[in-house]
Each structure stands twice: as structure tokens, then as C-alpha cells.
Amino acid sequence: MPELSQQELEARFQKKIDENLYIEPKDWMIDKYRQNLIRQISQHAHSEVVGMLPESNWITRAPNLRRKAGLLAKVQDEAGHGLYLYSAAETLGISREELLDQLLTGKAKYSNIFNYPTLTWADIGAIGWLVDGAAIINQVMLQRASYGPYARAMIRICREESFHQRQGFEIMLTLCRGTTEQKAMAQDALNRWWWPSLMMFGPSDKDSPHSSDMAKWRVKRESNDDLRQKFIDRTVPQADFLGITMPDKDLKWNEATQHYDFGEINWEEFHQVISGHGPCNRERISARIKAHEDGKWVRDAAAAYANKKRQKAA
């Protein structure tokens, strides 16, 4: 059988995507597709792992045993999500060590949202309700991503994120039905987390250098703006149910479009945070470096055990 030309390989690759068939690790793929997937999946994995930090800060200060157990389970889930995604990225030919080095040296990015502090217990509720709610909107789309390992990892992740979102909303509901001080705490958390949650979807696709390719390759099937609008439309009625107010004076229902209009997002703040100048950027990376160094003995022991087993087998 004659060897296919580069043009023929690319045409066959795109045809498979257009037919909604998965690209699998052993399939031929465009190098730019591989590199963009590594970038996106690794950033997603880093976000899950770094995302453990703002919430783990409250494990020892949870208001009761039920809340502590729920928060422990959630943080454990986030660690698992990071492992699923690192494994998916490894199928593209990059090592776990390289992925972690990119995070710890600041070469790789993670979601802007995890560089904000958790000041009160209400922040844990707001993160579950808003941050995980925004993540679900984005990740449901990724269950249909064209790369098989990524799409399949997202199925379980989305199920667990849905639980996290309900858990967060229930915390907010309890606070809003509590004392005046508790409801004020919930309102304050909403005020601080609302705009960073909208930034999670990223700038408009026209301002993103990767969006057109990722849409063409069906890794991404909806635009950042469409996903953000979907999140707003779903979340505003929930805030109304809680009895708290969105911190946006321009927010209003538009009968013509059947969507909520909303105010201008501060993209300068977003770019500052993404570039390493957010409230907790240095703290987050320092915590990850310390955890990595503290866990070195476990990795060394596991490697020694595996090497010993190989020697016995030989």
C-alpha cells in the first residue's frame, strides 16, 4: 500500500473528526492538534490540583463534622480529577514529570479562579455553587471532545462536579436561611466570586489564538461567550431563589434575546491574575512546590519497589 502524503493524512484526520469519531492515542494526528491538546489538558489538570488549595484551607475549620466530611470528599475528588487528566495528557507523548515541572516552574497556566483567597466559610459554598457550576458548563461540552481519552475522562469528572455544585448551593442556601449575619456572609462571598467566575470562561474567542483551531478539530464545540451566557442565564435565577443580589448594576433580563444582559468584565484583572500577579499566585505555587518536595520519599519508594519487582521478574 503506498504511503500517504501529508495532505492526505490531514484530510483523513479531519474527515474522522467531521464524522464525530474519536481520535485515539495511536491514531495519526496533526502535530498542532497534539500540542494544543497537551496545553489544554495539562492546564485543566493543573487547575484541578491547584484548586484543592483554597478549599483544603477550611477542612479543619468546617462548622461541623458533616461539612468537614463533605469537604474532604470534594478535595479528594479534585485530586482524582487531576490524575485522570494527567493520564490523558500522557497518552499524547508527554511525561508526568514534564507536566509537573511546567506547573512548578511557572511555565504552565491554570485557571485564574484559584488565585483568590477563601476568607470565610461562605466562600466554600460560593466556590461549589459558582466555580464548579461554571466548570460543569464548560466540561459538559468536553465530554464530546474529539480526543477519546479526554472525552472519556470528562464523563466521570462531570458527574462528580455536579455533586460539588449541589453541595455548594446547599451551603449557600443554609447560610441564606440562617441569621442576618450568615446571609450577609453569603452575599459577601457572591460579591467577591461572581466576576472571577465569569472570567473562568476566558476572553471572547476572537481574542484567543487557539479557539479557531480547537473548534475546527471539535475539541471545543461552543464559544467562550456562549458558555458564559449559558452560565449567567442558569445562575441568576438561583441567586434570586437564595435571596441575594448579583454584584452587577447592569444585569437585566432582555426580552428580545431571551438572555440576561450583563456588565463589562474587567479583563485587565484577568490578565494580571493569569500572568502571576493575583492575590494568591505565589502562595499557590509555593504550596504545590512544598507538597511535591514533601512527597519525594513516596515517589522514590514506589520507584525502588517497581525496580525490585522488575529485577525479580528478570
Side-chain angles (χ1 to χ4, degrees), residues 47-81 110-140 157-201 228 230-248 251 260 262 273 278-280 283-284:
S47 297
E48 297 284 356
V49 171
V50 175
M52 298 161 60
L53 298 173
E55 294 176 298
S56 62
N57 182 43
W58 279 88
I59 289 174
T60 59
R61 296 182 287 165
N64 55 49
L65 184 59
R66 174 173 172 263
R67 296 299 190 197
K68 180 178 289 190
L71 187 54
L72 275 167
K74 182 184 179 185
V75 171
Q76 178 177 278
D77 285 348
E78 306 297 358
H81 298 172
Y110 55 87
S111 179
N112 65 299
I113 199 76
F114 301 118
N115 289 310
Y116 290 87
T118 46
L119 305 179
T120 71
W121 172 252
D123 288 26
I124 303 304
I127 289 173
W129 173 39
L130 300 175
V131 176
D132 293 314
I136 292 166
I137 295 288
N138 192 49
Q139 293 171 3
V140 164
I157 290 174
C158 282
R159 288 173 182 166
E160 293 177 349
E161 293 289 8
S162 294
F163 167 76
H164 301 163
Q165 194 272 343
R166 291 194 299 273
Q167 182 186 54
F169 185 80
E170 196 264 338
I171 290 173
M172 294 295 281
L173 182 61
T174 300
L175 291 171
C176 288
R177 290 179 173 175
T179 65
T180 302
E181 291 80 6
Q182 287 172 323
K183 187 170 183 179
M185 188 189 300
Q187 179 67 63
D188 175 64
L190 172 59
N191 293 346
R192 288 182 287 106
W193 290 93
W194 176 244
W195 291 106
S197 296
L198 296 189
M199 296 175 197
M200 280 180 68
F201 295 97
R228 184 168 22 251
K230 187 181 293 186
F231 172 69
I232 293 169
D233 291 346
R234 289 187 185 181
T235 309
V236 172
Q238 295 170 359
D240 292 341
F241 181 82
L242 292 172
I244 48 182
T245 305
M246 291 296 185
D248 181 358
L251 184 72
Y260 283 96
F262 56 97
V273 174
C280 298
E283 179 184 333
R284 299 292 183 244

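It should be emphasised that the depicted structure is a prediction, and the values quoted were computed from it without experimental measurement.
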Do [X] and [Y] come close enough that some side-chain heavy atom pair is under 4.5 Å?
| X | Y | answer |
| --- | --- | --- |
| Asp132 | Phe169 | no |
| Ile127 | Ile113 | no |
| Val273 | Tyr116 | yes |

Counterpart residues, side-chain contact (heavy atoms from CB on, under 4.5 Å), relative to [X] (two or more places apart):
| X | result |
| --- | --- |
| Glu170 | Arg66, Arg67, Thr174 |
| Pro117 | Leu119, Pro279, Cys280 |
| Ile59 | Ser56, Lys68, Leu71, Leu72, Val75 |
| Ala186 | Met172, Leu175, Cys176 |

Non-neighbouring partners of [X] that pass ring-ring contact (aromatic ring centres under 6.0 Å, His included), sequence neighbours left out:
| X | answer |
| --- | --- |
| Tyr260 | Trp253 |
| Trp121 | none |
| Phe201 | Phe231 |

**Item:** All side chain to side chain donor-acceptor pair (under 3.5 Å) counterparts of Ser47, not counting sequence neighbours
**Value:**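 Result, side chain to side chain donor-acceptor pair (under 3.5 Å) vs Ser47: none returned.
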
**Asked** Quick one: side chain to side chain donor-acceptor pair (under 3.5 Å) partners of Gln139, sequence neighbours excluded?
**Response**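 Listed in chain order: His44.
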
**Prompt:** What salt bridge (charged side-chain N to carboxylate O under 4.0 Å, His left out) pairs are there with at least one residue in residues 48-61, not counting sequence neighbours?
**Reply:**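 For residues 48-61: Glu55-Lys74.
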
**Message:** I need the full list of salt bridge (charged side-chain N to carboxylate O under 4.0 Å, His left out) pairs touching residues 173-189, with sequence neighbours left out, sorted by first then second residue.
**Reply:**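 Non-adjacent pairs meeting salt bridge (charged side-chain N to carboxylate O under 4.0 Å, His left out): Asp188-Arg192.
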
**Prompt:** Should Phe163 and Arg166 be marked as a side-chain contact (heavy atoms from CB on, under 4.5 Å) after you check the CA-CA gap, both sets of side-chain angles, and the distance that decides it?
**Reply:** CA-CA 5 Å; Phe163 167 76; Arg166 291 194 299 273; 4.1 Å; yes

**Request:** Taking atom types as modelled, find out whether Glu161 and His164 have a side-chain donor-acceptor pair closer than 3.5 angstrom.
**Result:**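 Yes, a side-chain donor-acceptor pair sits under 3.5 Å.
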
**Residues Gln238, Thr235; criterion side-chain contact (heavy atoms from CB on, under 4.5 Å); working and verdict** = CA-CA 5 Å; Gln238 295 170 359; Thr235 309; 4.2 Å; yes

**Message:** Please give me the minimum heavy-atom distance between Leu198 and Arg228, naming the atom from each residue.
**Reply:**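 Result for this residue pair: O-NH1, 2.9 Å.
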
**Prompt:** So, for Pro54 and Asn57, which heavy atoms are closest and what is the spacing to 0.1 Å?
**Reply:**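 Heavy atoms only, the tightest pair is O-CB, 3.4 Å.
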
**side-chain contact (heavy atoms from CB on, under 4.5 Å) between Val49 and Phe114, intermediate numbers included** = CA-CA 10 Å; Val49 171; Phe114 301 118; over 6 Å; no

**Message:** Just verifying a value: how many Å separate Asn112 CG and Ser197 OG, rounded to the nearest 0.5 Å?
**Reply:**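 Nearest 0.5 Å value for the CG-OG distance: 8.5 Å.
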
**Item:** Spacing of CG belonging to Asp123 relative to CE belonging to Met185, to within rounding of 0.5 Å
**Value:**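 Nearest 0.5 Å value for the CG-CE distance: 9.5 Å.
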
**Message:** Could you walk me through whether Ile171 and Trp129 satisfy the side-chain contact (heavy atoms from CB on, under 4.5 Å) test, starting with their C-alpha distance in whole Å, then the side-chain angles of each, then the deciding distance to 0.1 Å, before giving a yes or no?
**Reply:** CA-CA 9 Å; Ile171 290 173; Trp129 173 39; over 6 Å; no

Under 3.5 Å, sequence neighbours excluded: what are the donor-acceptor pairs made by side chains of residues 239-246?
none

